[in-house]
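The model shown is predicted, which means the values in this text are computed figures rather than measured ones. Residue numbers start from 1 in every chain, and the chains themselves are labelled A, B, ... in the order their sequence lines are given, proteins ahead of strands.
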Amino acid sequence: MNINPRAIQKSVEVLSNKKVGSYHHMVFSVGEMALHAKPGNFVAIAVGGNSSAMVLRRAFAIYRASDRGNFGGTIELVVAAHGSGSRWLSERAIHDRVDMVGPLGTAFGIPTEPVSALLVGGGYGSAPLFGLAEVLKQRGCRVDIVLGASNANKIYAPLEGKRSVNTMTLTTEDGGAGVKGRVTDVLPQLIEKHNTEIIYSCGPMAMLEAVDIIAQRFEILHQCAVEESMACGIGVCMTCVIPLKNDAGVIKMQRSCIEGPVVDGSKVIWGSSRQIPSGTWGHQSLGVQNHE
Amino acid sequence: MNINPRAIQKSVEVLSNKKVGSYHHMVFSVGEMALHAKPGNFVAIAVGGNSSAMVLRRAFAIYRASDRGNFGGTIELVVAAHGSGSRWLSERAIHDRVDMVGPLGTAFGIPTEPVSALLVGGGYGSAPLFGLAEVLKQRGCRVDIVLGASNANKIYAPLEGKRSVNTMTLTTEDGGAGVKGRVTDVLPQLIEKHNTEIIYSCGPMAMLEAVDIIAQRFEILHQCAVEESMACGIGVCMTCVIPLKNDAGVIKMQRSCIEGPVVDGSKVIWGSSRQIPSGTWGHQSLGVQNHE
Amino acid sequence: MSDFQSFDFRTKFGSRYFPSPIFTASGCAGSGKELSQFFDLDELGAVVTKSIAVKPRSGRATPRMAETPSGMLNSIGLQGPGIDQFLADDIPWLQSKGARVIVSISGETIEEYATLARKLRGINALFGIEVNISCPNVENRGLVFSCDPVASRAVIEAVRRNIGGDYPIIAKLSPDVTDIVSIAKEVVSAGADGLALINTLLGMVIDIDAARPKLAGVTGGLSGPAIRPVAVRAIFQVHAALPNIPILGMGGVTSGRDALEMIFAGASGVSIGTATFGNPTAAIRVKEELLGLLQSKGFKSLKDAIGVAHG
Amino acid sequence: MSDFQSFDFRTKFGSRYFPSPIFTASGCAGSGKELSQFFDLDELGAVVTKSIAVKPRSGRATPRMAETPSGMLNSIGLQGPGIDQFLADDIPWLQSKGARVIVSISGETIEEYATLARKLRGINALFGIEVNISCPNVENRGLVFSCDPVASRAVIEAVRRNIGGDYPIIAKLSPDVTDIVSIAKEVVSAGADGLALINTLLGMVIDIDAARPKLAGVTGGLSGPAIRPVAVRAIFQVHAALPNIPILGMGGVTSGRDALEMIFAGASGVSIGTATFGNPTAAIRVKEELLGLLQSKGFKSLKDAIGVAHG
Ligand SMILES: Cc1cc2nc3c(=O)[nH]c(=O)nc-3n(C[C@H](O)[C@H](O)[C@H](O)COP(=O)(O)OP(=O)(O)OC[C@H]3O[C@@H](n4cnc5c(N)ncnc54)[C@H](O)[C@@H]3O)c2cc1C
Ligand SMILES: Cc1cc2nc3c(=O)[nH]c(=O)nc-3n(C[C@H](O)[C@H](O)[C@H](O)COP(=O)(O)OP(=O)(O)OC[C@H]3O[C@@H](n4cnc5c(N)ncnc54)[C@H](O)[C@@H]3O)c2cc1C
Ligand SMILES: Cc1cc2nc3c(=O)[nH]c(=O)nc-3n(C[C@H](O)[C@H](O)[C@H](O)COP(=O)(O)O)c2cc1C
Ligand SMILES: Cc1cc2nc3c(=O)[nH]c(=O)nc-3n(C[C@H](O)[C@H](O)[C@H](O)COP(=O)(O)O)c2cc1C
Ligand code: FES
Ligand code: FES
């Protein structure tokens, strides 16, 4: 059994690139790569072109994948121009090509029964949730969605996305759209109102943690897509680890590109950036540490 | 008195980029930079864009400069895609901008009397010669030109260039155009036929050296535009030096971006790549040398 | 595809032959399983494993990486399952795929290196041991073994004594030393059959928004094309001093041209590290480009090309 | 333009104040005349001159440079006119432009450093001496002074004894050492008022078409953004060990953010080297960006920002 069992590497063409609020909605012609892409999976893209000073891949959640249509398989991304690599990507024009590896990582688990699901997205974290909503709808689930950001421009909520959800709630920290505040301010009411049985979330780590606290309080399942800095996206560099408790209760540093990005929220040891949780398997409290 | 007295730094727009044989003929809107550009001067261009791994400027001879016309001042270059930097430049599209510093370096000396001049260009070395030919013609000189390359594609000889010269001779090593052979094979006859009084040359160092031998044999002036690897183009790095004899007969390592690119051929100590000519001012024959 | 038949692409470390000189770099190819989705591992000369320790290690906290101009810093802290689980899980799988395996080992004391060597003894599948001595020596104020000729010698002697058999021992050196040639001589006289050059350079990035070191571990190892000139220099210097000792070169190789630079400088093999992060098939690309270059330059074998830049 | 009034951008080395912390790097700003076409030299904190020797030097043969990923190698060989002509020509011109001048000196023997210091004695215009001790010591098999604590100390003591007056002495160290902190401590106890970190790393490029080293001088000094993480690490380590010694940081700085990294790591000033080759106005860009960043982060003075990454 291989790791990355369905991933392929391919030079793919940009079919479209449109600015939407703070983001770029980009469509790529990816052929068979679209075939196995599931909501929650991501792709890793080489940035900067030849003679670029940027040597690492950039990870982007798959917003939508389609293996039909005029262009054969397509994958769509929602790209925020954050630093130099994502900016480079967001500046690609139609017909430009980029080197893409995907689909990668774990996908959101889909319930076998029709349940009431609440989807929570922060910023571009909404991207994988619309594809997920479609799948859940097909399975007969109730789907409510909450999207939050600092301001309205940073909420990615395309019109067609609304079709797959029962309700959509927006929150902005500046009050520029929807409810003024954070997604977690509205979660408890929504959970009670819709009898939520599972929460899916994607966004900044601090948001995921806050969502998880609420999920635990209400004792409902919580699947979240985490985001750690990634150098390779394919499991070979060990930079993207997060501490996860396994079924036996042992905490191990696990690669979020392989065991994640989608993980069970209750397994995550939150707040452990810059420190290894005590009790982690193999944790050495020695002063001298090797850097590699 | 400053060094680089007329140089300015400017973000300039690409007005046109056309493939001509092996080269790209490129026109830039440079404003006042065109004002003081003289045949033989060059520009230094930053390549690769943001987050490029290429940290040094690239030098290009000014093919033509015009301070009139629809676009205000323009500078034209003939670019050979040699390595990654010149390839990047040759791929710039209309309206792209590049950071240019110029005009830089020495210019061809123009005789005060109308004389018979022979211009010798190798490969893209023909670029600065056409502007020179125009100036010489205006001064009433007779102008003959010889252009050589390994094959016809590598000879840059635009139609309009022919207007400023009395005769044009081509040589190619593969015989694909003009005389089969090298420029130096035809020089002696041309010198005798046209009573050449001054030779101007631009091209690979080995060609310049061969031309200089002939110029010395015929005891005629020889002004040549040399080409050493340059890191800065403005005289601050000391990488581009060549050994030049001064009027007192002292050999010094001189910057070809400041004392050149146009130098008096008889002052050059030829064949001194990878060795300092003995007797050079300050030459140390010690085994241990500092690398900076 | 290039013509393998007419060209002898083999390379040799100690008594072992490898069909191609392109290896993975320790810590840059996971367990092998991750890459085998992209190409067959037996296409490589060898898979060099992540440095393995005696006990399981969690590694360092995150952030563990920072991208830098033409390079990156890493601060993994040798995360791994420990030698026993590694031997039980990873080695049999790699063998089943036909991969030639070089196990990289790391210790915090001389005794740990000795233990690791003993555990590897008699594992027939092994093609070699890479001894990562760029590790802090807890018995000597954390001073990195390979920064100290005496400690470097002691490690290699301990491995040599305990390993038995004829596995090639390749000592991997740190470039962060005043005189890499003297360390190289020391480990060779202690019994190393080959040298791996270079490990990462010690570096650091400050996160100016947080006004503190970007990495949780403060410092990290600098790798990638940025360090290639340092690697080529180290290979050239060491090959000049020890022309008969095979060198596994590494540090920023991303193309066949880069690999050829190292071979001309004196490397017998080339490991691909950081380049794999940017391109999962980097090692195969380098292998094919290198073969093409060597053939187009008229070489009949890899061996003929090793060290030619020394004139 | 940023508001200079409300912000104290001054920095101090020894007894001297400089109005801005952005200096040129030795060997990267010519004689000053070349850059003064692009900006006024008194906009810089100081102009650090090319290292000057006792006698004229032709420097090394060409090729003297190779571009590398995010960096370059140089092998100039300290070309220069010798101290006497330098004092006659360059210094008066720089003074006439209002530039604050730090003269970089280099020698091949302790005695040469002493001679240079004597010749600089009493030149009032000077704002400091940078002592480039990354030079081969001809009296000790060409071992670079700054690789040897004893020789490093001897150079600084010789300069201190001969310079007289209160010029700040800044010792410039090589990163190519096992333990830069111990060299730093040595030169400080020998009388250095400040430290310049870092000089170039020893590197090499092979020209694979010619199958020989690209540079005529075989090896060269690696500079540019590629080495910035090594420079930041060196500054951080040395500032941790010697928090009261001002450091002039350098190595790959091209932007205000890069400069701020060094200041947060512990630098009191930042020199701009290779970046000037890519952009004649790099130093001014860095200066303005740095000032903007410091102000936007709410600092009231440069001094408050020095070393804050140490927590
Ligand atoms: C699983 C996953 C899914 C993601 N999905 C999206 C998405 O749909 N849309 C979107 O705009 N962004 C997404 N991101 C974040 C995106 O990867 C980063 O914004 C991007 O890598 C930043 O690169 P840069 O060059 O712009 O920034 P820089 O800060 O210059 O990047 C430097 C280095 O750090 C890494 N890095 C920096 N920030 C992040 C980050 N947040 N996550 C992972 N690596 C990082 C980069 O890969 C690079 O190696 C996702 C990240 C992960 C891990
Ligand atoms: C005064 C002068 C005028 C020139 N005029 C022209 C011209 O009109 N048209 C044209 O096509 N080319 C011209 N060149 C050559 C041009 O500068 C090089 O081809 C170009 O710098 C190569 O850069 P690269 O990135 O493509 O190659 P690389 O080999 O990757 O360059 C690496 C480094 O070496 C330097 N370098 C490499 N080759 C040369 C070279 N021949 N001369 C100077 N530096 C070099 C580059 O500046 C760069 O820093 C001229 C060079 C000089 C010095
Ligand atoms: C993420 C990462 C992890 C590494 N882990 C190890 C290791 O476990 N043992 C080791 O000897 N070297 C390790 N290295 C160093 C590499 O094997 C290699 O020597 C170095 O990165 C230079 O090569 P490169 O530039 O091709 O990556 C690691 C490097 C990186 C980037
Ligand atoms: C072409 C060149 C010449 C240099 N000459 C000197 C010198 O004469 N004396 C010195 O101390 N450092 C010299 N250096 C080193 C620089 O001053 C600086 O320490 C180093 O380049 C790192 O900074 P940078 O990356 O900003 O260039 C030189 C560097 C270069 C690139
Ligand atoms: S990003 Fe490399 S292991 Fe996850
Ligand atoms: S190119 Fe820098 S001095 Fe001439």
Chain B contacts, top residue of [options] (heavy-atom pairs, under 4.5 Å):
options: D/G32, D/A29, D/P280, D/G217; value: D/P280
options: D/A275, D/S36, D/A226, D/A66; value: D/S36
options: D/M72, D/Q79, D/K55, D/K50; value: D/Q79

Going by heavy atoms in the side chains, are [X] and [Y] under 4.5 Å from each other?
X: D/T281; Y: B/Q9; result: yes
X: D/F38; Y: B/I8; result: no
X: D/L35; Y: B/I234; result: yes

Check [X] against [Y] and note the closest heavy-atom contact, atom names and distance.
X: D/G71; Y: B/V55; result: O-CG2, 3.5 Å
X: D/F277; Y: B/L56; result: CB-CD2, 3.9 Å
X: D/S58; Y: B/I276; result: OG-CG2, 3.9 Å
X: B/S229; Y: D/M65; result: CB-CE, 3.8 Å
X: D/Q37; Y: B/A7; result: NE2-O, 2.9 Å
X: D/I76; Y: B/C237; result: CD1-O, 3.2 Å

Considering only heavy atoms, which portion of [X] lies under 4.5 Å from any heavy atom of chain B: side chain, backbone, both, or neither?
X: D/T68; value: backbone
X: D/P81; value: both
X: D/L215; value: backbone

Donor-acceptor pair, side chain of D/R64 and main chain of B/M238, under 3.5 angstrom: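 Yes, because the side chain of D/R64 sits within donor-acceptor range (under 3.5 Å) of the backbone of B/M238.
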D/E34 (side chain) donor-acceptor with B/I3 (main chain) under 3.5 angstrom: no
Trace of the side-chain contact (heavy atoms from CB on, under 4.5 Å) decision for D/T62 with B/I242: CA-CA 8 Å; D/T62 57; B/I242 54 166; 6.0 Å; no
Atom CG of B/D174 with >12 non-hydrogen neighbours under 6.0 angstrom: yes
Within 6.0 Å of CZ in B/R182, more than 12 heavy atoms from elsewhere: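 No, because the 6.0 Å sphere around CZ of B/R182 holds 12 heavy atoms or fewer from other groups.
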Contact leader toward chain D among B/C240, B/A53, B/G235, where contacts are heavy-atom pairs under 4.5 Å: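 Maximum pair count with chain D is reached by B/A53.
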Top of B/M230, B/R57, B/E228 for chain D proximity - count of heavy-atom pairs under 4.5 angstrom: B/R57
Using non-hydrogen atoms only, which part of [X] is less than 4.5 Å away from chain D: side chain, backbone, both, or neither?
X: B/V241; answer: both
X: B/D99; answer: neither
X: B/R6; answer: backbone

Inter-chain contacts: residues 250-272 of chain B against chain D, heavy atoms under 4.5 Å: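 Listed by number, the contacting residues are B/M253, B/R255, B/S272.
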